[in-house]
Undergrad: 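One structure is given below, represented as structure tokens, and several questions about it will come after.
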Protein chains: 2
Amino acid sequence: METRTRGRTRLANDAWEAALGAHGVLMRRFTAEDVWHGLTMREYDVLYTLSKCDSPQRLGDLGGHVLLSQPGLSRLVDRLVERGLVSRCADPRDARAANLTLTDEGRALQRRIGRAHGASVAAALTSRLTDEELALLESLSLKLTIDPEELP
Amino acid sequence: METRTRGRTRLANDAWEAALGAHGVLMRRFTAEDVWHGLTMREYDVLYTLSKCDSPQRLGDLGGHVLLSQPGLSRLVDRLVERGLVSRCADPRDARAANLTLTDEGRALQRRIGRAHGASVAAALTSRLTDEELALLESLSLKLTIDPEELP
DNA sequence: GTTAGTTACATGCGTACGCATATAATCGGC
DNA sequence: GCCGATTATATGCGTACGCATGTAACTAAC
């Protein structure tokens with residue numbers, strides 16, 4: 001029983017270490033690609049997240065998707081607004097909120113970067129994994145992602 | 001043929017997005033845990049990497065494992081040296097290199113953090129994946145990690 | 001309606017980071 | 001043995017980040 005449990009712990013830690021390694025290698029690779037047009041990958045991530053939501057998003061909504069503190073996200077959006085890629089529209093229902101939308105320029109840039117980056121991602125992953133393995137990776141990742149609520 | 005290729009690209013991108021999501025959720029969770037004794041996860045990562053190598057390591061060796069620029073790693077090690085967790089020993093064979101070793105205190109701290117963090121990792125992963133899935137995640141991650149050489 | 005409490009976002013401040021560059025040591029060709 | 005090229009690490013400088021806190025708006029109890 002003890003050894004079973006220890007083995008399972010070890011298995012989980014080995015898997016996590018391997019996953020971190022893969023994440024690191026791929027992130028290095030993608031960051032080095034010359035497709036970002038002066039944006040950080042995090043900044044692109046915000047553009048991408050906004051591009052998927054047709055309704056305007058609030059800062060807090062984006063915070064759930066991006067691995068960044070609330071003040072960090074606030075200033076990141078500042079930069080995107082200054083570059084003319086995102087616009088803050090006042091919310092008539094809640095004057096505190098600043099609804100965020102992609103500008104046309106922002107949407108166009110997101111698409112350009114998205115195409116190039118998507119091609120890089122595909123090249124990196126399809127050269128190493130089969131279709132079945134890709135689907136498996138997705139399903140395992142989704143199982144790990146779901147359910148952010150527990151620990152009372 | 002075209003549609004097959006496009007489907008495969010889409011599959012790879014969906015898998016990568018899911019993997020990024022899982023990475024983000026778990027990193028948030030682990031970062032929030034109160035097990036780090038004032039260290040960054042990156043700083044712990046360096047301690048952990050050093051703890052696995054019995055022979056002293058050079059900065060460049062660590063650079064391969066940690067997702068950090070060379071100057072960033074240099075200063076990160078500065079901080080660890082100042083905290084008494086790592087020592088720089090001169091290399092008699094190459095006066096440029098500064099061989100890095102864990103101090104006793106550094107090794108002890110790494111073990112303490114490693115135990116607690118390892119338990120968190122195990123709790124997070126084993127609650128969502130079976131043993132077979134954990135092994136699968138590890139093997140997929142390793143396939144994605146191997147081979148940092150190409151693009152001439 | 002006034003006020004305590006909460007929510008949504010912004011700002012001050014110190015720290016860590018990346019890029020470019022500097023310094024210093026080793027290597028190779030001659 | 002000398003000098004350019006390369007390698008290993010460090011530093012200057014500007015930017016982005018996280019934490020703590022501030023500010024403004026919404027909510028609710030009375």
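This one's a predicted model, so the numbers in the text were calculated from it and none came from an experiment.
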Undergrad: By nearest nucleotide on DNA chain D, pick out whichever of B:Q57 and A:R79 is the more 5' one.
TA: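 So the residue in question is B:Q57.
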
Undergrad: So, does B:R8 use its side chain to make a donor-acceptor pair with the main chain of A:T126 at under 3.5 Å?
TA: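 Looks like yes, one N/O pair under 3.5 Å.
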
Undergrad: Assess whether atom CZ of A:R112 is packed by more than 12 heavy atoms of other residues, nucleotides or ligands within 6.0 Å.
TA: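 Counting other residues, nucleotides and ligands, CZ of A:R112 stays at 12 neighbours or fewer.
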
Undergrad: For residues A:M27 and B:L142: do they belong to one hydrophobic cluster (side chain heavy atoms under 4.5 Å, members Ile, Leu, Val, Met, Phe, Trp, Tyr)?
TA: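 The answer is no; the residues belong to distinct hydrophobic clusters.
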
Undergrad: Please round to the nearest 0.5 Å and tell me the distance separating atom CG of B:L20 and atom CG of B:N13.
TA: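 Between atom CG of B:L20 and atom CG of B:N13 there are 10.5 Å.
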
Undergrad: Would you check if the distance from the ring center of A:F30 to the ring center of B:W16 is below 6.0 Å?
TA: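 Judged by ring-centre distance (under 6.0 Å), A:F30 and B:W16 do meet the cut-off.
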
Undergrad: Grab the CH2-P distance between A:W36 and C:dC19 for me, whole Å please.
TA: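 Spelled out: CH2 on A:W36 to P on C:dC19 is 14 Å.
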
Undergrad: Distance from A:E105 atom CD to A:Q110 atom CD, nearest 0.5 Å?
TA: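 Spacing of CD (A:E105) from CD (A:Q110) equals 13.5 Å.
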
Undergrad: Sort me out a list of protein N/O and nucleotides 20-29 of chain C N/O pairs below 3.5 Å, or just none if empty.
TA:
unit_1 : atom_1 : unit_2 : atom_2 : d
C:dT26 : OP1    : B:A95  : N      : 2.7

Undergrad: Students should find this one: the first and last nucleotides of DNA chain D, 5' to 3', lying under 4.0 Å from a heavy atom of chain B. What are they?
TA: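 Endpoints of the contacted stretch of DNA chain D: D:dT7 to D:dC13.
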
Undergrad: Taking atom types as modelled and ignoring hydrogens, do the side chains of A:E17 and B:Y48 form a donor-acceptor contact shorter than 3.5 angstrom?
TA: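 On atom types as modelled, these side chains qualify, holding a pair under 3.5 Å.
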
Undergrad: Any sub-3.5 Å donor-acceptor pair from A:T9's side-chain atoms to B:A122's backbone N or O?
TA: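 Here the side-chain-to-backbone pair does not exist.
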
Undergrad: If you assign A:G72 and A:T31 each to the DNA chain C nucleotide with the nearest heavy atom, which residue ends up on the more 5' nucleotide?
TA: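 Checking each residue's closest nucleotide, the 5'-ward one belongs to A:G72.
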
Undergrad: Counting just side-chain N and O atoms, does A:S74 come under 4.0 Å of either OP1 or OP2 of C:dC9?
TA: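 No, because none of the side-chain N or O atoms of A:S74 sits under 4.0 Å from OP1 or OP2 of C:dC9.
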
